[in-house]
Structures are given as C-alpha cells and as structure tokens.
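Quick notes on the structure that follows.
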Amino acid sequence: MTSRAESSLGSSGGANNHEIPPRGRIELRMGDLRMDARELASLFSQESTMPHLVGVVPHRVSEGERLRVETQYPGLSLITATAGDVRKYYTKNSGQILIVSPHPKREGKLSGAVVVQRGNPGVLIGNISKLVVDENERGQGIGPELVRAANALIFGHLNLGEATATVVINIPNDHVSQKILRNEGFKSQNQRDKGCISWDTKTGMLIVRDALPFALERDAYLRRANAAGEIERYLSALQVTLKIA
C-alpha cells in the first residue's frame, strides 16, 4: 500500500455530523489504572488486536527474542500485556492519558480504550495511540467515540495545535483504523516503510512493519460546525475542564 500525503470555535464549514452509534449512548471516562490495568491488558492481548499495537507483546518474550530486539533496536521500549506491566508502564509514563469505555452491563469490564500522549516539552502535538475495542463489541461505534473523545481532550483541554496517530498497515483489517481517522478529519501523511514494530501472532515474534501516519490540525478541527458541542460533551463525560485559548 502506498499513500501521499478559521480557528474560531464553532464556526461554519467542514461539518461532520456523526451518526448515532448502533449501541446507543456509549459511556466514556478517564482511565484508572487501579481498576483498569487488568482489563486493558486483556484488550491489548487479543489475537486480532496485537499486530495493530506498536511495541506490545502478549507475554515476556524469550531471552533469545529479547536479545535479538535489544541488539537490533537498542533502548526500544516494549509493553507486556499483563496487568502488572501495564500498570507499571502507564504509572511511570504519566504523560500518557488513558480514556476508556466501560461495558454497559458488566461491571469492571472495558469495551474499549485509547491513549492520548502529550507532546514532549515545548511540543504542541498530542498523539493518539493504542486504540482497542473488545472483539465482542466491535461494529457498535466504540472506536470512533474513543477517537472523538481523544480529539476533544487534545484540542479542548490540553489546548494543543495538532493531533497525530499512526496506523500499522499491510496487516488484516488495517483499513478499519484508517477509516475511523479519515472520518474524523485526519489526513494521511507519507507512508513510512519499516517504520514500527508489532507482534506477529503466527510466528510469535516482533516484526518490522510499515506505518501510515495521520494528522489533524487544530484549525481544521475547530472549523467544524459541531466542534463546540463535541468538545463540551466529551470533556463533560471525561470530567475535565474546557481550556480553549
């Protein structure tokens, strides 16, 4: 696959009126690692999900595999999909903000999650990553809702200038994440051949894959006719304050 690539709140133009999700209202909240780490690890370790998640392994890799990766990519950070390691990773990396969708009927269970990462010091870019939806809950609008909530957080609360995301491509169903991002106004950038590493469920190894970056500029997001309402709705659900300059 190959790809090439008025800021006032609520102004007209570029309207993107979303359909009502098939499941109806989808609950969202900020993640809490004390109670969500186990469920997040479970979502990360789904066989159909793992190839899409950069730097996530389902279990502690063999010593040989660890040495191979460390030798080839010194200092590469990995997340093991266990409750303890997920909790440790996101506690240590506090700049990565977890948004989750609780299951509507099963207390303590998550239907999906996404991570928003604030930019490095002085960088006004927020990154959206680790978008996951339970295999039994797909097709109900959960993924798009999580991305919309992430956008509201980036532009309405963190007050950043751009949202970015990267899709692992040339794997099964890579079109799903691409469609979600495009529907939310993201534009694809130049493809990055061999740009990331993710788990291969067939070989049980980390392999190098191609990646397709996406970006959404702040002005383009805020020009949408429904931007003000979306920001207010999602930030209210996440219980964070509106901070638009």
Treating Gln191 as the side-chain partner and Gln189 as the backbone partner, does any N or O pair qualify as donor plus acceptor under 3.5 Å? no
State yes or no: do Ile125 and Leu216 share one hydrophobic cluster built from I, L, V, M, F, W and Y residues joined by side-chain heavy-atom distances below 4.5 Å, directly or via other members? no
Minimal heavy-atom distance between Pro102 and Glu27, with the atoms involved, is CD-O, 3.4 Å
Distance col, row Leu98:CG vs Leu40:CG, nearest 0.5 angstrom, shows 5.5 Å
Is there a side-chain contact between Asp85 and Ile79 in this structure, where contact means two heavy atoms from C-beta onward sitting under 4.5 Å apart? no
Please tell me whether Leu76 and Leu53 are part of a single hydrophobic cluster in this structure, the criterion being side-chain heavy atoms less than 4.5 Å apart. yes
Value rounded to 0.5 Å, distance of CG in Leu238 from OG1 in Thr241: 11.5 Å
With rounding to the nearest 0.5 angstrom, report the CZ to CG distance, Arg209 to Asn170. 9.5 Å
Flag, side chain of Gln140 to backbone of Glu137, donor-acceptor distance under 3.5 Å: yes
Give the minimum heavy-atom separation between Ala81 and Val86, together with the two atoms involved. CA-CG2, 4.3 Å
Tell me the closest heavy-atom pair linking Ala163 and Asn151, and the distance in Å. CB-OD1, 3.9 Å
Criterion side-chain contact (heavy atoms from CB on, under 4.5 Å) on Leu158 and Lys243, from CA distance to verdict: CA-CA 7 Å; Leu158 300 177; Lys243 294 181 180 179; over 6 Å; no
Do Ser48 and Arg138 have side-chain atoms, one donor and one acceptor, less than 3.5 Å apart? yes
Would the distance check show the side chain of Asp32 and the main-chain N or O of Arg34 forming a donor-acceptor pair, the cut-off being under 3.5 Å? yes
Residue pair Leu78 / Leu206, side-chain heavy-atom distance below 4.5 Å: yes
Lys/Arg-Asp/Glu bridge criterion (N-O < 4.0 Å) met for Glu162, Arg218: no
In the structure I gave you, are the side-chain heavy atoms of Val132 and Phe44 within less than 4.5 Å of one another anywhere? yes
Taking it one step at a time, do Ile154 and Ile128 satisfy side-chain contact (heavy atoms from CB on, under 4.5 Å)? CA-CA 9 Å; Ile154 288 170; Ile128 299 172; 3.7 Å; yes
Between the main-chain N or O of Gln96 and the side-chain N or O of Gln117, is there a donor-acceptor pair closer than 3.5 Å? no
Shortest non-hydrogen separation from Val116 to Ala150 and the atoms involved: CG2-CB, 3.5 Å
Side-chain donor-acceptor pair present, Tyr234, Glu145, cut-off under 3.5 Å: yes
Going from CZ on Arg182 to OG on Ser177, what distance comes out if it is rounded to the nearest 0.5 angstrom? 11.5 Å
Output, in order, the C-alpha distance, side-chain angles, deciding distance and verdict of side-chain contact (heavy atoms from CB on, under 4.5 Å) for Tyr73 and Val208. CA-CA 11 Å; Tyr73 308 101; Val208 177; 2.9 Å; yes
Salt bridge flag under 4.0 Å for residues Lys202 and Asp200: no
When clusters are formed by joining ILVMFWY residues with side-chain heavy atoms under 4.5 Å apart, either directly or through shared neighbours, do Leu124 and Leu153 land in the same one? yes
For Ala152 and Leu235, which heavy atoms make the closest approach, and how far apart are they? O-CD2, 3.7 Å
So Thr91 and Leu33, do their side chains get closer than 4.5 Å, heavy atoms only? yes
Identify whether the distance between the nearest side-chain nitrogen and carboxylate oxygen of Asp36 and Lys109 falls below 4.0 Å. no
Decide yes or no for Val147 and Leu131: does some side-chain heavy atom of the first lie under 4.5 Å from some side-chain heavy atom of the second? yes
To the nearest 0.5 Å, what is the distance between CG (Leu28) and CD1 (Ile142)? 9.5 Å
Leu212 and Ile171: same hydrophobic cluster, using ILVMFWY side-chain contacts below 4.5 Å? no
CE (Met30) and CD1 (Ile97) are apart, to the nearest 0.5 Å, by 5.5 Å
Is there a side-chain contact between Met50 and Pro58 (heavy atoms, below 4.5 Å)? yes
Side chains of Val100 and Arg29: does their closest heavy-atom pair fall under 4.5 Å? yes
How about Lys130 and Val56: do any of their side-chain heavy atoms sit closer than 4.5 Å? yes
Any chance the side chains of Ser111 and Asp134 put a donor and an acceptor closer than 3.5 Å? no
Verdict with supporting geometry, Ile197 and Val54, side-chain contact (heavy atoms from CB on, under 4.5 Å): CA-CA 6 Å; Ile197 289 180; Val54 175; 5.6 Å; no
Give a yes or no on this: more than 12 heavy atoms of other residues, nucleotides or ligands lie within 6.0 Å of atom CD of Glu135. yes
Centroid separation His59 to Trp199 less than 6.0 Å: yes
On a heavy-atom basis, the closest approach of Ser129 and Val114 is O-CG2, 3.4 Å
Are Val168 and Phe214 grouped together when hydrophobic residues (ILVMFWY) are joined by side-chain heavy atoms under 4.5 angstrom apart? no
If the threshold is 4.0 Å, N to carboxylate O, is there a salt bridge linking Arg233 and Glu230? no
